[in-house]
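Notes follow the structure.
Quick note: numbers below take in every heavy atom, side chains included, and nothing from hydrogens, waters or symmetry partners.
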Amino acid sequence: MVVFENKAILKLLLVCFFVQFSVSAANFFQPFNVTYDHRALIIDGKRRMLISGGIHYPRSTPQMWPDLIAKSKEGGADVIESYTFWNGHEPVRGQYNFEGRFDLVKFVKLVGDNGLYFLLRIGPYVCAEWNFGGFPVWLRDIPGIEFRTDNEPFKREMQRFVTKIVDLMREEKLFSWQGGPIILLQIENEYGNMEGSYGQKGKEYVRWAANMALGLGAGVPWVMCKQTDAPGDIIPAIITTVMVINQIPLTNQQSGQKIGMDEGEHVEEAKEILSSTYEGHVFGLPKIEGKYTSWGGRLPHRPVEDLAFAVARFFQRGGSLMNYYMYFGGTNFGRTSGGPFYITSYDYDAPIDEYGLRSEPKWGHLKDLHAAIKLCERALVAADSPQYMKLGPRQELLQLAISSVLIGVRLRCLLEVVIRSSFATSIPVQYDLVKEVRKENGYVSNNMQAHVYWENTQSTVLNTTLSESQSACSAFLANIDEHNTATVTFRGKSYSLPPWSVSILPDCSNVAFNTAKVGAQTSVKLVENALSPKISAPELVMTKNEVSSVSESWMSVEEPIGIWSESNFTVQGLLEHLKVTKDESDYLWHMTRIYVSDDDVAFWEENKVSPTLVIDSMRDVLRIFINGELIGSVSGHWVKVLQPVQFQQGYSDLMLLSQTVGLQPNGLTLLGCTKAYFKSGVQINVVVNLQLLIWNYGAFLEKDGAGFRGQIKLTGFKNGDIDLSKASWSYQVGLKGEFQKIFTIEENEKAGWTNLKLDATPSTFTWYKAYFDSPDGSEPIAIDLGSMGKGQAWVNGHHIGRYWNLTAPKDGCPDSCDYRGAYGSNKCMTNCGKPTQTWYHVPRSWLQASNNLLVIFEEIGGNPFEISVKLRVPRILCAQMSESYYPPLREWLHLDLIDGKVSISDMKPQIHLQCEDGQIIPSIEFASYGTPHGSCQNFSSGNCHSPNSLSVVSEACVGRNSCSVEVSNSGFGSDPCRGVLKTLAVEARCVSTSTIGVSQF
């Protein structure tokens, strides 16, 4: 029987675990200081390994915040991270908004109420796929301003906003030294990649921003992300994809083997890629989830096995603060989505989805990972610097992807073991790791070694006080081979490592978790028609596919084409779109009058030609009208327009409607090739091909603008081209219905609504309205706008966002997604051949019990009678686990285990099922302990099957919100087939307690 070699280690783990989660929620925290060293943040005198979850408060509602924060904490987060959004907080210069979704103070306090820390990234440039990168558009109009450089007007405005936020946090006593949750602040954001565009002024700006921030007296550390030249008192945190860290087998500081670069070569890109410790600090704010999506694009997905691998490798290689961007993505309500062309959903394939529901198995698998890392925290924080061991030859081609960077590295490092020890006197002990010898592609790998650093200390270290006999040891075993399982012997025990995986051994002996072995449940979310009356379960199944339109009674009113108010004005020449709209609307009308002579008409007829409207460049959407009739549309980002037009003799009104679909793009294209060498002589060829068409991201953001660039002209006239760039143009900002606010409950009757006939022809530039009742229950609600074209939607005056029914390409989505190997955003695409987004989140807090007003502005034509209300429902739970799986991580803190009465090997694995809050499990659809076949929603029993399977699982789970079932022979009464590895497969249903009474169970 295997027992723990040092019971004191586990007792300390238990103490530390409970201390971390025993914070008084009502009073936030007792005041504490935050400092840092080269290894980690030091919170209240203790180094900490921290897991942070990104939640952007304006992308949800205050009513959703408590549940999102609670689920983040339950999932293992220590910290909540968010940007601030300048254009949301100061939409008009000097007029501040800290209410509703922008109630930053309330959000931070809720985080503190839950005993979590807060990372506030003030920026004020945030990128975040947010409109104009978070900058208010009025900032562009300040005379002489240049963004994000050594420019006095910009620095003055930036300092004013940053000071406002810091002062507000201090006034509300939200900093750690005041007993609040804020432990870190961020100034600027991702500036390092573009600093060179500004030359010396960029360097001066970085120094100024750092000194300005430090001078505000916040009393907590400041970070600069992606800023390697950050001044000494600013933490130069990493903000990049975790793959930068997790796929470089050996790095300069971690391996002990220096990486040399050829002098004179262009090696800066390679240095950044290969130096995953980023000189000095190991704080990472990486983007490690899916990705944002554009209209007409596929939906990205990142398998949880690869995501867990990336996070484990981050901590294995010396990281100490890891942030999920995003842990909850949310929704780009209103016109907040950046772009151009970013969709309204900001789901991000995150552990918590756009509607606030757990995405399983991602959420559950990462929760287990976080628990395993926490079991290693004492050893992780004790190590002054991690010691890495070279294990085996490095001779395999490993292809890596870092965002848009493709790196080919010829090396092999199949297995690494990292032993964390305390940072006092270390005693290196050498262990052999004997790997199964195999020949693969002409390469042979065997006789790998690991150096293990143990330490006994008699001093107090930055986590706890240890006695002479106490020591800390945790191990991470990594197999970065993409294809083959590795079997190794370590300290006399054999370990099997699946390809592209990390095993975590909190005690250097027993595996608590492997990134590639998913034991968490799978949750199947259905989108069901909303049904108001309470019904029984059989009726629910029978009726869920029936049509459930919002209303059979719709009303409509047409939007005027062109000039509609006295607020229009006329000037000579073209004006830049944002200079006129100030981003108060997506829409800007341009109208000019064209005169066509008899000679022109005769010229066209004689030569069988038509005139053409030519625009050198436009963005994002253009509608072209002649005398109020739509004749053409163009969409794109700074694209040329060639539109054939037809005029009658005499005067005609030419109207151009320019539209923005999210601000603001900047493009950057880099192509480079460089070489780097290990001193051992093994060459690494690094090919960097950056196609960074990254909207919101780049230098000179304020100069991009919107609308038109260059010349506008009419060609094909008898006397030559007509230059319209210098013509007299009349301008009208926005839509009449938009400025009359006919989408609100208070003002909607201002419009001349008429009843819409069921067989009405779809029309352009039309407003529609209908009323609907709120569905019963608590499940999240969505409006299905798949029958519409392009426009915007409001519910009870709340702007739920833009919609656009564009379909993704039919190809590019694999039948199955292999988690192994380097991840890129195009690797595991989904939703091919389907509209990018048809369901739009409507928070329940925006609804009343009945008579909810839905208003749609439709630009290109659609059928509102097919609009329906949907429920986003996690209806089906599945889990599958073998009897050889690891025990639940909570068992590591079991007192009998710590006291040595039992060993971890005596603990049995357990399947855990959990519905969302407000739901219960009414039935078990399938259960088999033995050798079941298939996968979720397609399970079947195998030759070996315990007849007690269904009854055992039903007794444990039916009528409950959550349950656990032991996967063992004893759990099912007997061994159904001796000598065979058995698995438990379960499929269960979840229903709302408001739909089916609990009394039935």
Between the main-chain N or O of Leu299 and the side-chain N or O of His301, is there a donor-acceptor pair closer than 3.5 Å? no

Without swapping roles, check the side chain of Thr336 against the backbone of Asn131 for a donor-acceptor pair under 3.5 Å. no

With a sphere of 6.0 Å drawn around CD of Glu558, does it hold more than 12 non-hydrogen atoms of other residues, nucleotides or ligands? no

Sub-3.5 Å donor-acceptor pair from the side chain of Asp620 to the main-chain atoms of Pro340, do we have one? no

Donor + acceptor pair across side chains of His577, Ser658 (<3.5 Å): yes

4.5 Å side-chain heavy-atom contact, Leu574 and Tyr731: yes

Would you say Thr61 and Arg101 are linked by a side-chain donor-acceptor pair, where the criterion is simply a distance under 3.5 Å? no

Do Tyr587 and Glu859 get their side chains close enough for a donor-acceptor pair, meaning under 3.5 Å? yes

Would you check if the distance from the ring center of Phe85 to the ring center of His56 is below 6.0 Å? yes

Report, as yes or no, whether the 6.0 Å neighbourhood of atom CH2 on Trp846 holds more than 12 heavy atoms from other residues, nucleotides or ligands. yes

Of all heavy-atom pairs linking Cys817 and Pro303, the shortest is SG-CG, 3.3 Å

For the residue pair Tyr346 and Tyr325, does the interplanar ring angle fall in the parallel (under 30°), tilted (30 to 60°) or perpendicular (over 60°) class? perpendicular

Say whether, by atom type as modelled, one donor and one acceptor occur between the side chain of Asn568 and the main chain of Ser565 under 3.5 angstrom. yes

Side-chain donor or acceptor of Arg619 paired with backbone N/O of Gly705 under 3.5 Å: yes

Rounded to the nearest 0.5 Å, how far does CG of Leu871 lie from OH of Tyr355? 10.5 Å

Side chain Arg298, main chain Asp811, donor-acceptor under 3.5 Å: yes

Determine whether Val621 and Trp804 make a side-chain contact, defined as any pair of heavy atoms from C-beta on separated by less than 4.5 Å. yes

Any donor-acceptor pair under 3.5 Å linking the side-chain atoms of Lys870 with those of Asn529? yes

With Trp767 as partner, the option from Trp794, Trp554, Trp753 fulfilling ring pair (Phe, Tyr, Trp, His ring centres under 6.0 Å) is Trp794

Aromatic rings Phe102 and Tyr57: how do their planes relate, parallel, tilted or perpendicular, breaks at 30° and 60°? perpendicular

Distance-only, no hydrogens or angles: does the Asn796 side chain make a donor-acceptor pair with backbone N or O of Asn852 under 3.5 Å? no

So do the side chains of Glu584 and Phe739 get within less than 4.5 Å of each other, counting heavy atoms only? yes

Does Ser523 form a side-chain hydrogen bond (donor to acceptor under 3.5 Å, both in side chains) with Arg358? I'd like the steps, not just the answer. CA-CA 8 Å; Ser523 176; Arg358 290 183 291 265; over 6 Å; no

Check whether Arg844 reaches the backbone of Ser774 with its side chain - one donor and one acceptor, N or O, closer than 3.5 Å. no

Within the 3.5 Å criterion, strictly below it, is a donor on Ser845 or Gln63 matched to an acceptor on the partner's side chain? yes

Do the side chains of Ile867 and Leu854 get nearer than 4.5 Å, heavy atoms only? yes

Does NZ in Lys834 sit with more than 12 non-hydrogen atoms of other residues, nucleotides or ligands closer than 6.0 Å? no

Test salt bridge (charged side-chain N to carboxylate O under 4.0 Å, His left out) on Glu528 and Arg875 and set out the steps. CA-CA 10 Å; Glu528 300 178 349; Arg875 186 66 74 198; 2.8 Å; yes

Least distance between heavy atoms, Tyr771 atom then Ser551 atom: O-CB, 3.7 Å

Has the side chain of Asn332 got a donor or acceptor atom that lies under 3.5 Å from a matching backbone atom of Ile343? yes

Kindly indicate, with the supporting measurements, whether the criterion side-chain hydrogen bond (donor to acceptor under 3.5 Å, both in side chains) is fulfilled by Ser633 and Arg623. CA-CA 5 Å; Ser633 297; Arg623 313 286 185 198; 2.9 Å; yes

Criterion salt bridge (charged side-chain N to carboxylate O under 4.0 Å, His left out) on Glu916 and Lys71, from CA distance to verdict: CA-CA 10 Å; Glu916 289 287 335; Lys71 284 177 177 172; 2.6 Å; yes

Would you tell me whether Glu738 and Ser585 have side-chain atoms, one donor and one acceptor, within less than 3.5 Å of each other? yes

side-chain hydrogen bond (donor to acceptor under 3.5 Å, both in side chains) between Gln837 and Ser345: does it pass, once the steps are laid out? CA-CA 8 Å; Gln837 182 176 359; Ser345 172; 4.8 Å; no

So, Glu858 side chain and Ile860 main chain: donor-acceptor pair closer than 3.5 Å or not? yes

Pair Phe132, Trp86 - check ring-ring contact (aromatic ring centres under 6.0 Å, His included), show working. CA-CA 10 Å; Phe132 208 39; Trp86 191 355; over 10 Å; no

Glu749/Lys769 ion pair, N-O < 4.0 Å: yes

Is it the case that over 12 heavy atoms from other parts of the model lie below 6.0 angstrom from the NZ atom of Lys525? yes

Would you please say whether a donor-acceptor pair under 3.5 Å links the side chains of Tyr803 and Trp839? no

Can we call the ring centroids of His799 and Phe333 under 6.0 Å apart? no

